[in-house]
Structure formats: structure tokens, C-alpha cells
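All chains are named by letter (A, B, ...) in the order of the sequence lines, taking the proteins before the strands, and each is independently numbered beginning at 1.
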Amino acid sequence: MLDKKGIAQRIAQELQDGWYVNLGIGIPTLVANYVPEGLSVEFQSENGILGMGPFPYEGEEDADMINAGKQTVTLLPGASIFDSATSFAMIRGGHIQLTVLGAMEVADNGDIANWKIPGKMVKGMGGAMDLVASAENIIVAMMHTNKRGQSKLLRQCSLPLTGVKCVKRVVTNLAVMDITPQGFKLIERAPGVSVDEIKSATEGRLVIEGDIPEMQL
Amino acid sequence: MNKLVKNAAEAIEGIQDGMTLMLGGFGLCGIPENCIAALAEQGISGLTCISNNAGVDDFGLGLLLQKRQIRKMISSYVGENAEFERQMLSGELEVDLVPQGSLAARCYMAGAGVPAFFTPAGYGTEVAEGKEVRYFNGKPHILETALEADFAIVKAWKGDRFGNLVYKGSARNFNPAMAMAGKITIAEVEEIVEPGELDPNFIHTPGVFVQRIFEGTNYEKRIEQRTVRQKTQS
């Protein structure tokens, strides 16, 4: 089974040279720590940064340089700054090659819910709806089950949707799955996790074809 | 051309109860601290505030929420403010949550004279309820309208008396689009410079969009999430 860092590490294997990538808050943010050596990718922060770097050294924090999670960050050589309208023009216009975001629920048709629990948590969608409606390549990073042990991979989302039929791939602590017309297609198992364990933790339709390899981290 | 006013109190003259304001900033980054303080001091109420976020409990728009000066918020993310959540769940505060990109575009389009536009963001979700859907290139889009404001209040790094503005770092965020959208746009800046000092090639907001400008004081620039890394020995 993977921890959150492991999920990020596995997603980092999806990165390709020259890509512009938007990482959401939470597990997705960790992907930046595992960029394979020799690859050149630029991270976009939707509040207006391309070429975001690591956190600043202590004492070098700048209140005017934050990421979308409101954390202090730095810029890498070649970075650029722009306003919110331009930032979402980049996103909506399809100029960002990969979006990685977290989710509360994903349905086996690619629907995603991650912004609202009616009556309980209403923080807003931020940029998530623009991202999922526009990006060609959307990977969800999340735990396979919620805190009560219930599957987050469903036949149909129960929470208000963020986007419809948009997720392409899901990477959890148990597995890598692609969204296909037949449902979640199992691609890889996390180290030490059996197909049966994945089956019992998945409520949505799961497609299993042949031997399922274990992830190589 | 002289748009210079003395201070925040003079800049917000004419803002009345029940008006609609746009306020720049992302989180607490790039917010018009001086004007928010002046609005709190004068107790102008019943406001509709268009702002990406709602501040934190004791800073930013949280200061106006504390004093119940805001009737309605139009935002994309409001997660950092307990008082906000309380007022929203109790029904005291009306809240319209808008996808962040649509929010930015709705400000920009208002300033650009485009009354409505189609976007894919929000299709198939609660956001699309009651909105016209049209297909372009085989993909569904929803109709969003431009957002207008009686006053837009933005924060820049430097500016001149012509109203030309330059922002610093990620404090730019919503400020340029909102500067375009106000019927009256107020800019507060950290430093007023002489006309000509700002390189015309690098001006972010041309002065035409700004009606009033002043040099703010005592910027706190609070950091919401101070994150650092340790220096590694090498």
C-alpha cells in the first residue's frame, strides 16, 4: 500500500519533458518533489505563476509570492507572472498539459466531486471547475477509501459534482486505474496489494484484464 | 491628468450602503488593506463584495464580515474564515460561489465591454443551473455574464498620478481584471512615483482604467501559510 508521498511519486512518473503542469492542493502538491531527473516541466499556480519553485529558505519568505494554497513559494529561472484572467486563459485554452487534483469522490464514468458537502462543508470550488472542464489530461490523486472505510471510487458520485466525464486516470494508495467506457480499468497494483483488495475497496465498475502488474517506484 | 487623492478615506468617498464592490487579491496577497480598513471604520454596510476570497477572521474582508457590513459575497473559495462560514450557514450572508476562472473572466469582460460569454467551466454542476447551454466544437458550454461593480478597489506595488499601475509578484492576481471593471476604480499603491518613472513597456494596468490613486500606509501584508525549507548542509 502507498502513503501520500508514494501516490505523488507514482504520479510523477506520468510527467513528460516540456509539459506545463497544474498541481492541486494536498497530495498533488507533493508531485513536484519527485520530478524524474532530466525532465523539464513547469508548474503552474492558478493565482498567476508559471515556473514555481520550492518553498523559500527561512527568512526569505515574500508575502507577495504565494501559490494557490496560499503558501510562500519561490520562482525558478524562466518563471513568469500574470494575472488571474490570463492564468485561466492558459487553463481553459488547453495550454496546460496535465492537471493533478484531489477528490472526495470519482465515478467510473469520469465524474468528479471535490468542492462541497451539503450542509457541512462549503468552501467553494476555487479553480477546480475551470481546470476539470478544460484540461485534456486529468489525474486524480486520492486515498482509495474515506476515513470511514467507504470507497471513493463509485458507480455514481453522491456529492455535488465539480465536473462531468473528465477524469482520465486515478492514482490511489491501492492502485492506478484508467477511466474507460466500461468503468475503472485496473492498470497497476500498489506494492503488496492484491487484486481482491482493490476489488473490495472499489464500489464502481472495475475492469480487470489479465495479470495486473505491481507499480515500480 | 491628476488622479491622486490624499488617503483611503478620500478615495472611498461616494461608496454608499448597498453598493457593489470588487476587491482585488488572492487570499491575503495583494488585497487593498488601506481601503478595507477605511470601509470598516466608516461602517458602510449592506455591501455586495466581489472578491476571490473572503479574508480570514481578523484580516482582509474578515474585518467587514465581523462588523456585518457585507450582505452578499461573490467568490470562488471561502475556506479560511470561520465567521464567514457561520454567517453563511445561518443565512445572514448571501453567497454566490463562482468558478475562479469564470470569476476572473466575468470581471475582465465587464471592463472589456463583453456582456456575456460561454465557458465549459461548471457544465453539469450546480453552477450551471438556470444557465443557457450551447455546444461549440461538440463540447457543452454555459453562458456566464459580466460582473459590474460601482467601485473596484485594487492594490498595486507602484503607480503614478496618471493611474498607471505595476504589481509585484503573485500580488497581481485579480487586481488587473477588476481594475478594468469598476465604474470607478480606486488603486492603492505602496509607492507613488513621478510620471515617466514607470517604464511604459512594463505597465500592467494602463491609467485609463483608474480614477483615483493614493499611496497607502502601514502595509501589514500578512502571510497566510508561511512555508519554508531548511538549508541543507553541502
Side-chain angles (χ1 to χ4, degrees), chain A residues 25 45-49 52 54-75 81-92 111-113 115-116 118-134 160-166, chain B residues 26-30 52-53 75-80 85 88-89 95 97-105 107-109 119-127 139-141 157 167-178 180 204-205 219-231:
Chain A
I25 295 164
S45 190
E46 67 240 31
N47 57 321
I49 305 173
M52 190 171 35
F55 296 143
Y57 290 120
E58 200 161 355
E60 294 174 9
E61 313 93 292
D62 179 357
D64 292 327
M65 192 53 67
I66 62 165
N67 65 15
K70 285 101 178 175
Q71 298 170 309
T72 44
V73 293
T74 58
L75 299 182
I81 298 284
F82 35 87
D83 76 292
S84 301
T86 307
S87 178
F88 282 91
M90 260 169 226
I91 289 165
R92 234 186 281 105
D111 287 358
I112 175 173
W115 74 284
K116 184 177 185 181
K120 248 192 185 169
M121 193 278 302
V122 190
K123 290 176 187 301
M125 66 294 280
M129 284 193 184
D130 310 270
L131 282 159
V132 300
S134 316
L161 294 181
T162 308
V164 293
K165 296 180 188 163
C166 52
Chain B
F26 186 97
L28 301 177
C29 181
N52 188 54
N53 313 90
S75 304
S76 88
Y77 189 82
V78 292
E80 337 282 354
E85 201 161 0
M88 175 170 65
L89 293 174
V95 180
L97 291 168
V98 178
Q100 194 176 141
S102 298
L103 185 64
C107 297
Y108 174 87
M109 293 303 180
T119 175
Y123 171 77
T125 75
E126 285 179 10
V127 165
K139 221 181 134 174
H141 294 73
W157 181 30
Y167 307 91
K168 180 167 162 276
S170 61
R172 192 180 319 181
N173 57 61
F174 277 83
N175 285 299
M178 288 183 171
M180 295 167 65
H204 298 136
T205 293
Y219 281 103
E220 185 179 335
K221 292 204 191 178
R222 202 184 284 188
I223 293 175
E224 238 169 294
Q225 308 279 344
R226 188 179 299 274
T227 46
V228 295
R229 70 187 142 138
Q230 300 303 317
K231 285 206 164 101

Could you tell me which portion of [X] (side chain, backbone, both or neither) has an atom closer than 4.5 angstrom to a non-hydrogen atom of chain B?
{"X": "A/T86", "answer": "neither"}
{"X": "A/K116", "answer": "side chain"}
{"X": "A/N67", "answer": "backbone"}
{"X": "A/A128", "answer": "neither"}
{"X": "A/E60", "answer": "side chain"}

N/O donor-acceptor pair under 3.5 Å between A/D130 side chain and B/Q100 backbone: yes

Flag the one option from [options] with the top tally of heavy-atom pairs under 4.5 Å to chain B.
{"options": "A/T72, A/D62, A/L161", "result": "A/T72"}
{"options": "A/A85, A/A133, A/G126", "result": "A/G126"}
{"options": "A/G124, A/S45, A/S84", "result": "A/S84"}
{"options": "A/P56, A/G127, A/G48", "result": "A/P56"}

Is there side-chain contact between [X] and [Y], with at least one heavy-atom pair below 4.5 Å?
{"X": "B/T125", "Y": "A/P160", "answer": "no"}
{"X": "A/M125", "Y": "B/Y77", "answer": "no"}
{"X": "B/Q230", "Y": "A/E58", "answer": "yes"}
{"X": "B/L97", "Y": "A/W115", "answer": "yes"}
{"X": "A/I66", "Y": "B/Q225", "answer": "no"}
{"X": "A/M129", "Y": "B/V127", "answer": "yes"}
{"X": "B/C29", "Y": "A/K70", "answer": "no"}

Region of B/N52 that comes under 4.5 Å of a non-hydrogen atom in chain A: neither

Among [options], single out the residue with the greatest number of heavy-atom pairs under 4.5 Å to chain A.
{"options": "B/E85, B/R172, B/K221, B/M88", "result": "B/R172"}
{"options": "B/R222, B/M109, B/H141, B/K139", "result": "B/K139"}
{"options": "B/A104, B/A105, B/S170", "result": "B/S170"}

Nearest-0.5 Å distance that lies between atom CE in B/M180 and atom CG in A/D83: 9.0 Å

Nearest heavy-atom neighbours spanning A/I81 and B/G169: CG2-O, 3.3 Å

OH/B/Y108: more than 12 non-hydrogen atoms of other groups inside 6.0 Å: no

